[in-house]
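Order of appearance sets the numbers: ligands from 1, and atoms from 1 within every ligand. Atom set for the values below is all heavy atoms of this structure, side chains included, hydrogens, waters and symmetry mates excluded.
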Amino acid sequence: MIKAVVGANWGDEGKGKITDMLAQEADIIVRFQGGANAGHTIVNNYGKFALHTLPSGVFYDHTTSVIGNGVALNIPVFFKEYNEIVDRGVPAPKILISDRAQIVMPYHILLDQYEEERLGGKSFGSTKSGIAPFYSDKYAKIGFQVSELFDEESLREKVERVCETKNVLFEHLYHKPLLKPEDIMAELMEYKKMVEPYVCDVALYLWNALKEGKEILLEGQLGSLKDPDHGIYPMVTSSSTLAAYGAIGAGVPPYEIKKIITVCKAYSSAVGAGAFVSEIFGEEADELRRRGGDGGEYGATTGRPRRMGWFDCVASKYGCRMQGTTDVAFTVLDVLGYLEEIPVCVGYEIDGEVTTDFPTTVMLEKAKPVLKVLPGWNSDIRGIRNYEDLPENCRKYVEFVEEQIGFPITMISNGPGRNDIIYRNK
Ligand code: GDP
């Protein structure tokens, strides 16, 4: 059976923690999209880790961690991270890399940096990890699959051809030093040495694992609202963040994904540019940012302060619907314990009309939040393990959100650790 863990919002919902927790019962954890542009923070018995490319299952002996074909694989970053966790005492994880995964090339990162520089104030707020140029090349059919590393002759020919096109941009648009095919070849040969022991036909491996009754976890990056089709285009990421894409990005039958666990945060945070209807500012935002997550809401990749907002029922209802949610994991609820009252965004007012349906980007830019203020519980809920033991106002908050979004909240996370979880039978 396959379960997917995905995000309902703008990312940073706490998917890493939920995946790490669910990985206890899984055999295989697969990353199916995205790259080193976002990060998960995981706290466990080995310490606190920020993972960008490694699947969240790497901390267990019993799991195999897989890089699916849908991932933007930055090979040096991947192995740097791998070595870092091993150096910190984590047993060497079992890793498999899809022979169909494509490689983030050194020039993708340069192109990302140069383009952000060129756009100046109109930039997308990219993390400059090369993700947009990577996926552009993938779909322009000039990307490099891991499998291509193993045919040196045709690789060299393709590198030369691609450098010719890229150098037009480097020279005339960005006015930067030109790419040298021989440098890129040398780098790719290094990559080949690094990945060789781990490369396999991942789709076949997963097919066989399913037949053997193995439990597979698909691990999403970012959230619904960053999906290139269904999110806040163009302020989105470049690969689909939806569970449905898990079937493609891992290479598994869509009907095998039986559970879609959508991670939804008890308040809002976002990084990068784009409309953010329930956003708050000033001291109110600073306080939530300081208290948020585990040690503050700052980007796991960039360290940038995240934009903060109240819980957005409109965006979260839509985010859960687009994922095909079977279960909601409601996270960081403990963070709200300092508030006397908690505003929640229950509708968007657009051109004088209130809607609870998430609109397209043009309309979203005009949306103003309709807020409802709920009473806070004003106490620390960390350490509580039974739903009934939560303060009444806290339960009311959960139940209010559940009703607004229309999907069952079956897990409540009240701390960053693996065991900070309250299960609810629905
Ligand atoms: P991801 O990208 O969705 O995995 O999310 P991040 O790891 O970027 O952000 C989640 C942050 O919140 C991390 O620092 C987690 O350790 C922390 N976290 C996750 N769940 C909880 C929770 O229930 N309570 C608190 N206080 N922190 C949490």
Side-chain angles (χ1 to χ4, degrees), residues 4-23 29 31 33-59 81 127 129 217-226 237 241 243 261-272 287-308 311 316 319 323 328-339 380-385 387 390 394 397-398 409 411-423:
V5 179
V6 287
N9 310 121
W10 297 265
D12 308 315
E13 297 94 348
K15 294 174 298 294
K17 177 233 159 108
I18 300 295
T19 312
D20 180 60
M21 192 187 91
L22 294 172
I29 291 93
R31 289 271 322 253
Q33 48 98 205
N37 52 329
H40 291 309
T41 313
I42 296 173
V43 183
N44 57 31
N45 45 325
Y46 296 106
K48 182 173 176 176
F49 298 87
L51 301 184
H52 305 289
T53 61
L54 292 181
S56 301
V58 291
F59 299 105
E81 238 172 62
T127 60
S129 314
L217 213 54
L218 302 178
E219 175 177 17
Q221 191 200 36
L222 295 166
S224 303
L225 304 169
K226 292 284 186 181
T237 193
T241 56
I261 297 142
T262 305
V263 185
C264 191
K265 198 161 167 160
Y267 52 87
S268 301
S269 73
V271 284
E287 176 147 41
L288 184 55
R289 185 179 300 112
R290 255 195 325 271
R291 292 173 177 271
D294 179 31
E297 292 283 358
Y298 301 92
T301 306
T302 57
R304 290 188 289 198
R306 291 178 181 149
R307 296 164 69 193
M308 307 303 298
F311 185 80
S316 301
Q323 291 291 7
V328 174
F330 198 51
T331 56
V332 293
L333 188 60
D334 53 304
V335 166
L336 299 179
Y338 72 99
L339 291 159
D380 185 2
I381 60 162
R382 281 215 193 171
I384 294 177
R385 293 289 168 267
Y387 185 67
L390 287 172
C394 184
Y397 185 82
V398 173
I409 296 177
M411 283 166 257
I412 294 162
S413 173
N414 59 339
R418 251 178 209 173
N419 302 320
D420 298 322
I421 195 82
I422 298 169
Y423 291 98

Engineer: Taking the side chain as C-beta and beyond, is there a heavy-atom pair between I421 and M21 under 4.5 Å?
Structural biologist: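 I421 reaches M21 side chain to side chain.
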Engineer: With heavy atoms of S413 as the reference, note each atom of ligand 1 found under 4.0 Å away.
Structural biologist: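 Within the 4.0 Å cut-off of S413, ligand 1 contributes 20 (N), 21 (C), 22 (C), 23 (O).
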Engineer: Run through E297, R306, M308 and flag the one making a side-chain contact (heavy atoms from CB on, under 4.5 Å) with L288.
Structural biologist: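 With L288 as partner, side-chain contact (heavy atoms from CB on, under 4.5 Å) holds for just one option, M308.
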Engineer: Taking all atoms of both residues into account, what is the closest heavy-atom pair of Y267 and V332, and its distance?
Structural biologist: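 For Y267 versus V332, the nearest heavy atoms are CE2-CG2, 3.3 Å.
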Engineer: Any nitrogen or oxygen of G415, side chain or backbone, less than 3.5 Å from one on ligand 1?
Structural biologist: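 N/O-N/O distance below 3.5 Å exists for this pair.
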Engineer: Please list, in number order, the atoms of ligand 1 under 4.0 Å from a heavy atom of E13.
Structural biologist: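 Going through ligand 1 atom by atom, the ones under 4.0 Å from E13 are 3 (O), 5 (O).
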Engineer: Against heavy atoms of V335, which atoms of ligand 1 measure under 4.0 Å?
Structural biologist: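 Heavy-atom distances to V335 below 4.0 Å select 26 (N).
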Engineer: With only distance considered, is R382 within less than 3.5 Å of ligand 1 through an N or O on each side?
Structural biologist: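 Looking only at distances, the answer is yes, because the N/O contact criterion of under 3.5 Å is met.
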Engineer: Just heavy atoms, cut-off under 4.0 Å: does N414 contact ligand 1 by side chain, backbone, both, or neither?
Structural biologist: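 Near ligand 1, N414 shows its backbone, while the atoms from C-beta on stay back.
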Engineer: Please check this pair: side chain of S224 against backbone of G7, looking for a donor-acceptor N/O pair closer than 3.5 Å.
Structural biologist: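 At least one qualifying donor-acceptor pair exists.
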Engineer: Indicate the atoms forming the closest heavy-atom contact of F311 with S316, along with that distance.
Structural biologist: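 Heavy atoms only, the tightest pair is CZ-OG, 3.3 Å.
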Engineer: Between S413 and K17, do the side chains contain an N or O donor and an N or O acceptor separated by less than 3.5 Å?
Structural biologist: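 Yes, K17 and S413 have a side-chain donor paired with an acceptor closer than 3.5 Å.
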Engineer: Taking 4.0 angstrom as the limit, do R382 and D420 come out as a salt bridge?
Structural biologist: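 Not counted as a salt bridge, because no side-chain N and carboxylate O are separated by less than 4.0 Å.
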Engineer: Can an N or O of L333 be found at a distance shorter than 3.5 Å from an N or O of ligand 1?
Structural biologist: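 No, no N or O pair falls under 3.5 Å.
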Engineer: Would you tell me which option among G7, P416, G16 has the nearest heavy-atom contact to atom 18 (N) of ligand 1?
Structural biologist: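 That would be P416.
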Engineer: Is the Y387 to Y423 ring centre distance short of 6.0 Å?
Structural biologist: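 Judged by ring-centre distance (under 6.0 Å), Y387 and Y423 do not meet the cut-off.
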Engineer: Is ligand 1 under 4.0 Å from a heavy atom in the side chain of E219, in the backbone, in both, or in neither?
Structural biologist: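 Contact part for E219 vs ligand 1: neither.
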Engineer: Determine, considering heavy atoms only, which of G293, G337, G417 sits nearest to atom 25 (C) of ligand 1.
Structural biologist: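 Nearest option to atom 25 (C) of ligand 1, by heavy atoms: G293.
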Engineer: Report yes or no: does R306 have a heavy atom closer than 4.0 Å to ligand 1?
Structural biologist: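 Yes, R306 has a heavy atom closer than 4.0 Å to ligand 1.
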Engineer: So is R304 actually on top of Y298's ring, under 6.0 Å and inside 45° of the axis?
Structural biologist: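 No; the conditions do not both hold, so R304 does not lie above the ring face of Y298.
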Engineer: Is K17 touching ligand 1 with its side chain, its backbone, both, or neither, if touching means heavy atoms under 4.0 Å apart?
Structural biologist: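 Under 4.0 Å from ligand 1, K17 contributes side-chain atoms alone.
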Engineer: If you count the atoms of ligand 1 from 1 in the order shown, which ones are under 4.0 Å from a heavy atom of D294?
Structural biologist: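 This gives 12 (O), 14 (O), 16 (O), 17 (C), 27 (N) as the contact atoms.
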Engineer: Please work out which of V332, D12, D334 has its closest non-hydrogen atom nearest to atom 26 (N) of ligand 1.
Structural biologist: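 Looking at heavy atoms only, D334 sits closest to atom 26 (N) of ligand 1.
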